[in-house]
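The block underneath contains the structure these notes are about, expressed in structure tokens.
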Amino acid sequence: MAVITETKREHRHPQAARRRTPPSLLPQALLLPALLSLLVALAYPLARQVVLSFQEFGLAQQFGRPAEWVGLRNYRELVTDPYLWTVVLRSIAFCLANAAVTMAVGVAVALLMRLMSRPVRILVQSGLLLAWAMPVVAALTVWQFLFDTQYGVINWLLTRLGGDFEGHSWLLEPASFFFVATVVVVWMSVPFVAFTVYAALTQVPDELMEAAEIDGAGPWARVRSVVLPSVKPVLLVVALLQVIWDLRVFTQIFVLQKAGGTTRDTNLLGTYIYRLGIGGGDFGVAAAVAMFMLALTVILTAPYIRLMLAQEKDL
Amino acid sequence: VSRRPRRGVRIAADLTGLLVLLVCVFPVYWMVNTSLLQRRKIRAPDPTWLPFGGTLDNYRRVFEGDRFLNALAISLSVTVLTVLFALVFAFLAAVAVSRFRFRGRASFIVALLLIQMIPVEALFISQYKMLEGLQLLNTVAGLTIFYVAAVLPFTVWTLRGFVTGVPYELEEAAMIDGCSRFQAFLRVTFPLLAPGLVATGVFGFIQAWNEFTLAVVVMTREDRMTLPVWLTTFNEVNRGTDWGAVMAGSTLIAIPVVVFFLIVQGRMVSGLTAGAVKG
């Protein structure tokens, strides 16, 4: 494939071909700093993590005892630990639920934006941008305040509406803990989905919609059989990205755990690795869980990479 | 768009839109509003919706002691260093990838895409061990090493788009007029890239400024915290007792990001939808 693109380029750019004639190492030299940075900061830790995951590396090693090779013991320990599977399933469930809700809300907002009057649409877009721009920790802190037991507006509002929410603690029960986490994650992720899908929607040709209308398709039928199929590639990419991003949710869970909620009942993969390694000093097992998470990500990412490469003609 | 929805549909869509607007804006508004209210008003049984007769006391309490300014200094150093290194490294790489054909070029681009998808959460254990071994835990240098690599893939990817967008024919014309290849690049292409460099740099700034996970893992000492880590500990201490100061802290952290984001978003949004990714 590379050969084909090269000949094409040469055809288009005679100069480009000529300037390559004395084989120079200039491009490789230009890549060097970036490559070195990636090697030092990512490739080396990754290789080291593989090694670490086959070693016993606990507190004793922290204090200088050499790490001991234990083969697959860390992995065996993990696979037979029902808690790991609880965390894995919980992470996957949380990830899929969040991605699904984000997609549903994002697509709905995008479709709505098509129907709004111009001034309202501009207002909505500015609002979405504002939510998108908020730093995670700032948004997280505000939402904690909104859900606060004593002074939170949400408890105040729900009590006003006739609920029994006076002094209600949202983070105590795992289910409502994850509800709050989902609200924060979805609030932050919807703008990206809404904007991207809206941009794709504006590309759907009007003639197509008119033709469907003439053929007697109602509004819902038009969305289902004209609009959705034409934006399907974009929806696919965006949904995949949401799944990949939501699998790694860390900050929201980590911070909310500190505000209440039992760690054991609310750990997801990221916080579990943190508690095992940084918190508990068991770096070998933590590295094994991290490898597990990496594998899960690779499986999820493969279709995304394939889609991206299919889009890239200039490779 | 030539098609106009029926009036009923439009009114319903507008009303729902206003609801969406409220959900988007209210948390941000509430942060700023609360940050300007007296403690007494925040603790009153009914919320105070507008900050009339407000106060800056909450902000004063954020600046009490040197915790906040300390974290600000750390955050600024890490962020500025990250942007500088990432921009230079990424710019060189982007030029290589978009102006030359060479062996390994395609694999480099694919590798960038792959790397972008690696979650920090799956790597921070060994990144922590690495810095520990190098005695770089709790240092600006240590965190910067990782941040540069973290923003590089996106930065290269975006800059590559900008470099490709400047036609090579312009450089050729300058070379015919007697410029050397390097001069042609420097005098013709580089100035045209300035907006792209600024936008990409701002994006890197936002990412490094907001990053939490690695910062909390690597900067464990209280006097070495970055702003996001500072905010979460400040929140832990004052939650329930001093929400006003907590909201003032959040506002201070959010302001530069929101401003920068709104400046570059047009450029970045089009980049995103054109197939570039953010991580």
Side-chain angles (χ1 to χ4, degrees), chain A residues 2 6 9 15 27 30-31 33-34 37-38 41-42 45 48-49 52 109 112 115-117 120 123-124 127-131 133-138 141-143 145 151 153 156 195-196 199 206 209 244 248 250-251 255 258 270 273 277-278 283 286-287 290 293-294 297 301 305 308 311 315, chain B residues 2-3 5 9-10 13-14 16-17 20-21 24-25 27-28 30-31 42-43 47 89-90 92-93 95-96 100-102 106 109 113 115 117 119 121-123 125-127 130 145-146 148-149 152 172 210 212-213 217 228 231-232 235-236 243 246 250 253-254 257-258 261-262 265 269 273 275:
Chain A
E6 290 229 339
R9 286 287 297 204
Q15 268 85 357
L30 290 173
L31 278 189
S37 160
L38 295 174
L42 296 171
R48 197 176 157 147
Q49 183 158 290
L52 201 58
V109 171
L112 266 175
L115 300 172
M116 289 170 197
S117 57
V120 177
L123 276 176
V124 170
L128 287 169
L129 264 180
L130 192 65
M134 275 287 274
V136 193
V137 282
T141 312
V142 183
W143 278 104
F145 179 40
Y151 308 112
V153 176
W156 175 86
F195 275 116
T196 317
D206 283 336
M209 295 290 278
I244 293 166
R248 49 187 284 192
F250 175 87
T251 311
V255 171
K258 288 195 165 183
I273 295 170
I278 313 291
F283 286 92
M293 185 179 182
L294 207 57
T297 313
T301 310
I305 300 285
M308 289 298 288
Q311 266 182 31
L315 213 63
Chain B
S2 58
R3 309 181 58 261
V9 175
R10 166 153 298 182
D14 280 355
T16 328
V20 173
L21 178 70
C24 286
V25 173
V28 183
W30 202 238
M31 172 179 81
I42 299 172
R43 291 176 158 215
F89 292 1
L92 297 177
V95 171
F100 296 89
R101 317 275 115 180
F102 55 93
I109 297 176
L113 269 178
I115 288 167
M117 288 300 143
E121 291 75 14
L123 217 53
I125 285 294
S126 55
Q127 287 179 323
M130 174 180 151
I145 292 175
F146 294 135
V148 170
L152 254 183
E172 284 177 338
N210 285 348
F212 178 78
T213 308
V217 167
L231 180 62
T232 58
N235 180 7
E236 268 164 54
W243 274 117
V246 174
S250 306
I253 292 184
V257 176
V258 172
F261 189 88
L262 296 184
Q265 59 82 20
V269 170
T273 45

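Just so it is clear, the values below take in all heavy atoms, side chains as well, and ignore hydrogens, waters and symmetry mates. Chain letters run A, B, ... following the sequence lines, proteins first, then strands; residues in each count from 1. As the structure is a prediction and not an experimental result, all values here were calculated from the model.
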Quiz item: Hey, which of B/I115, B/T16, B/V28, B/V148 has the most heavy atom pairs under 4.5 Å with chain A?
Solution: B/V28

Quiz prompt | Interface residue of largest heavy-atom contact number with chain B, from A/V136, A/V124, A/I278, under 4.5 Å | solution = A/I278

Quiz item: If you look at every heavy atom in A/L30 and B/L92, which pair is closest and at what distance?
Solution: O-CB, 3.4 Å

Quiz prompt | Max heavy-atom pair count under 4.5 Å with chain A, selected residue of B/N235, B/V25, B/V9 | solution = B/N235

Quiz item: Shortest non-hydrogen contact from B/A149 to A/L38?
Solution: O-CD2, 3.7 Å

Exercise. Check each atom of A/V109 against the heavy atoms of chain B and say whether the ones under 4.5 Å are side chain, backbone, both or neither.
Key: side chain

Quiz item: A/L128 versus chain B, heavy atoms under 4.5 Å apart: side chain, backbone, both or neither?
Solution: both

Quiz item: Do the side chain of A/Q49 and the main chain of B/A122 share a donor and acceptor less than 3.5 angstrom apart?
Solution: yes

Quiz item: Tell me, side chain or backbone of A/L294 under 4.5 Å from chain B's heavy atoms, or both, or neither?
Solution: both

Quiz prompt | Engaged part of B/E236 at the chain A interface, taking heavy atoms whose separation is under 4.5 Å | solution = side chain

Quiz item: From A/Y151 OH over to B/I42 CD1, what is the distance, rounded to the nearest 0.5 angstrom?
Solution: 9.5 Å

Quiz item: Among B/P228, B/A96, B/A93, B/P119, who wins on heavy-atom pairs under 4.5 Å with chain A?
Solution: B/P119

Quiz item: Going by heavy atoms in the side chains, are A/T141 and B/M31 under 4.5 Å from each other?
Solution: no

Self-check item: Side chain, backbone, both or neither of A/V153 within contact of chain B (heavy atoms, under 4.5 Å)
Solution: side chain

Practice problem: Mind ranking B/G17, B/A90, B/P27 by heavy-atom pairs under 4.5 Å with chain A and telling me who comes out on top? | Solution: B/P27

Quiz prompt | Side chain B/D14, main chain A/S117, donor-acceptor under 3.5 Å | solution = yes

Quiz item: To the nearest 0.5 Å, what is the distance between CG (A/L31) and CZ (B/F102)?
Solution: 4.5 Å

Quiz prompt | Under 3.5 Å donor-acceptor, B/E121 side chain and A/F250 backbone | solution = no

Self-check item: Interchain contact, B/L123 with chain A, by part (heavy-atom threshold 4.5 Å)
Solution: both

Exercise. Using the side chain to side chain contact (heavy atoms under 4.5 Å, CB included) rule, take B/N210 and A/V137 through it: C-alpha gap first, then chi angles, then the decisive distance, then the call.
Key: CA-CA 8 Å; B/N210 285 348; A/V137 282; 6.0 Å; no

Quiz item: So which part of A/T297 gets closer than 4.5 Å to some heavy atom of chain B, the side chain, the backbone, both or neither?
Solution: side chain

Quiz item: When heavy-atom pairs shorter than 4.5 Å are enumerated against chain A, which of B/I145, B/I125, B/L21, B/V20 gives the highest number?
Solution: B/I125

Quiz item: Between A/G127, A/P135, A/A290, A/A131, which has the largest tally of heavy atom pairs under 4.5 Å with chain B?
Solution: A/P135

Exercise. Could I get the full list of ring-ring contact (aromatic ring centres under 6.0 Å, His included) partners for B/F146, not counting sequence neighbours?
Key: none

Quiz prompt | chain A interface, residue from B/L152, B/T232, B/I253, B/V246 that has the most non-hydrogen pairs under 4.5 Å | solution = B/L152

Self-check item: From CG (A/L42) to OG (B/S126), nearest 0.5 Å
Solution: 9.5 Å

Quiz item: Can you check whether A/L115 reaches B/R10 side chain to side chain, under 4.5 Å on heavy atoms?
Solution: no

Self-check item: Pairwise side-chain contact, A/M134 with B/V257, heavy-atom cut-off 4.5 Å (strictly under)
Solution: no

Quiz prompt | Atom pair CD/CZ of B/Q127 and A/R48 - distance to nearest 0.5 Å | solution = 11.5 Å

